[in-house]
Amino acid sequence: MKAGIVVFPGINRERDMAIALERASGRKPRMIWHRETDLQGLDLVVIPGGFSYGDYLRCGAMAAQSPVMDSIRAHAARGGHVLGVCNGFQIMVEAQLLPGALLRNASLRFLSMDCHLRVERTDTDFTAHYQRGQVIRAPMAHGDGNYFADDATLDRLEGEGLVAFRYVEPDGTVTPAANRNGSVRNIAGILSPNRRILGLMPHPEDLVDPLMGGTDGAPLFEGLAASLVSDRPAA
Amino acid sequence: MKAVVTVMLKPGVLDPQGKAIGQALAHLGFADVGEVRAGKVFELELAETDPTAAKKAAETMARKLLANTVIESFRVDIP
């Protein structure tokens, strides 16, 4: 798997993401400065978390206008994989790679804690190494993670099975209490119709090593590495 | 020529900031305040001198960047 990580000014989770990707694929990801536009040869483009452009205007709004975004759109249009985490998810909805918007947390509080996610489907390259309905733990750290979309968009997402992860209790039940940021229908992550673009607020890359306190996030990267084998060396 | 773009969350989109501001106003003794909605105002200094063209340009800017039309509506005024 050839992966690239897009770096905007103010992004701060790119090295965590690089660790997770390298652990899973054995290959160091390429760091892509936001002014670069050449994404040729990459299987996966990752937009990591952080506070691009200081969250000016709206979270992700400035980064969504960066030169690299047109290349990411072209990569997505070619059927390339794109993963956006936290600020990366915010940037993706601002760039309209995924529908909806991420509002200020309903509590108005920055949330820095673990949450539990239920894996809603496993027939995607992102979730293939999980079990359907499996509950995983993931750290979250955001002030604007309150997913919103109009009812027609939500019904389409649900109808096409494009909700990838939901905030749940540790036993897998969907409750308002488990939904700390107030997201509609407890949505934590969504997919594109071709299921090759995933955006989510929590940070699976920060739980990929026992030294981090757990490995619940590792299967996401291992699943990607197993699916995206374009660069597997000839035997 | 100046254009003023006012951006507000659409009706039905939860505005926790407005809610918190409303609660703070109530704490200050302004008991007769109903719903409070928070928004943003942008003042744009434009080279354009025709008000109709200036308004049109500002509306395009609002749609492309200043407002996220998924959640926000906007209004352009040429004062």
Side-chain angles (χ1 to χ4, degrees), chain A residues 52-67 69-70 73 87 89-111 142-154 156-157 176 179-187 190 199, chain B residues 2-30 33-48 54-78:
Chain A
S52 57
Y53 298 90
D55 283 346
Y56 288 178
L57 188 60
R58 297 176 303 274
C59 298
M62 311 306 285
Q65 311 301 325
S66 283
M69 288 312 298
D70 283 335
R73 276 193 202 92
N87 195 208
F89 186 18
Q90 295 165 340
I91 293 167
M92 284 160 89
V93 295
E94 280 285 344
Q96 293 172 16
L97 280 166
L98 290 171
L102 290 148
L103 302 170
R104 183 63 45 90
N105 293 342
S107 63
L108 283 177
R109 290 203 171 86
F110 189 95
L111 294 170
H142 60 249
D144 299 70
N146 180 354
Y147 184 72
F148 174 87
D150 59 38
D151 285 336
T153 304
L154 291 170
R156 181 178 67 77
L157 285 172
N179 189 27
R180 296 278 196 150
N181 56 27
S183 293
V184 283
R185 305 190 192 182
N186 284 49
I187 291 173
I190 55 170
Chain B
K2 195 177 261 185
V4 179
V5 182
T6 306
V7 177
M8 297 295 296
L9 284 172
K10 285 180 179 171
V13 177
L14 179 72
D15 178 11
Q17 275 190 99
K19 237 180 192 171
I21 294 164
Q23 282 165 9
L25 287 172
H27 281 306
L28 284 170
F30 298 104
V33 179
E35 194 187 10
V36 177
R37 307 280 287 172
K40 295 180 192 134
V41 176
F42 303 89
E43 288 186 359
L44 309 174
E45 201 59 64
L46 303 176
E48 181 61 61
K55 188 168 183 191
K56 215 170 169 190
E59 282 170 353
T60 306
M61 294 176 211
R63 256 190 299 276
K64 283 201 160 168
L65 180 64
L66 304 178
N68 178 345
T69 53
V70 175
I71 47 169
E72 294 168 327
S73 59
F74 65 86
R75 194 186 73 224
V76 175
D77 294 300
I78 308 291

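Just so we're on the same page: letters track the sequence lines, and every chain starts at 1.
- Residue-level contacts of residues 39-47 of chain B with chain A, in order of numbering, are B:Lys40, B:Phe42; threshold 4.5 Å between heavy atoms.
- One N or O on the side chain of B:Glu72 and one on the backbone of B:Asn68 form a donor-acceptor pair closer than 3.5 Å.
- Using a 4.5 Å cut-off on side-chain heavy atoms (C-beta onward), B:Glu59 and B:Phe74 make contact.
- Between A:Val93 and A:Phe148, the closest side-chain pair of non-hydrogen atoms is not below 4.5 Å.
- Looking at heavy atoms from C-beta onward, A:Leu98 lies in side-chain contact with A:Phe89 at the 4.5 angstrom threshold.
- Distance check, rounded to the nearest 0.5 Å: CG of A:Asn181 to CD1 of A:Ile187 gives 11.0 Å.
- How far CE of A:Met92 is from CZ of A:Arg73: 11.5 Å, rounded to the nearest 0.5 Å.
- Looking at heavy atoms from C-beta onward, B:Val5 lies out of side-chain contact with B:Met61 at the 4.5 angstrom threshold.
- Taken to the nearest 0.5 Å, the CD atom of B:Glu48 stands 11.0 Å off from the NZ atom of B:Lys56.
- Using a 4.5 Å cut-off between heavy atoms, B:Gln17 touches chain A through backbone and side chain atoms alike.
- Distance check: B:Lys10 NZ to B:Ile71 CD1 gives 9.0 Å after rounding to the nearest 0.5 Å.
- No side-chain heavy atom of B:Met8 sits under 4.5 Å from any side-chain heavy atom of B:Asp15.
- Between chain B and the residues A:Gln96, A:Arg58, A:Gln65, the largest count of heavy-atom pairs under 4.5 Å involves A:Arg58.
- Residues of residues 99-108 of chain A placed with any heavy atom under 4.5 Å of a heavy atom in chain B are listed by number as A:Gly100, A:Ala101, A:Leu103, A:Arg104, A:Asn105, A:Ala106, A:Leu108.
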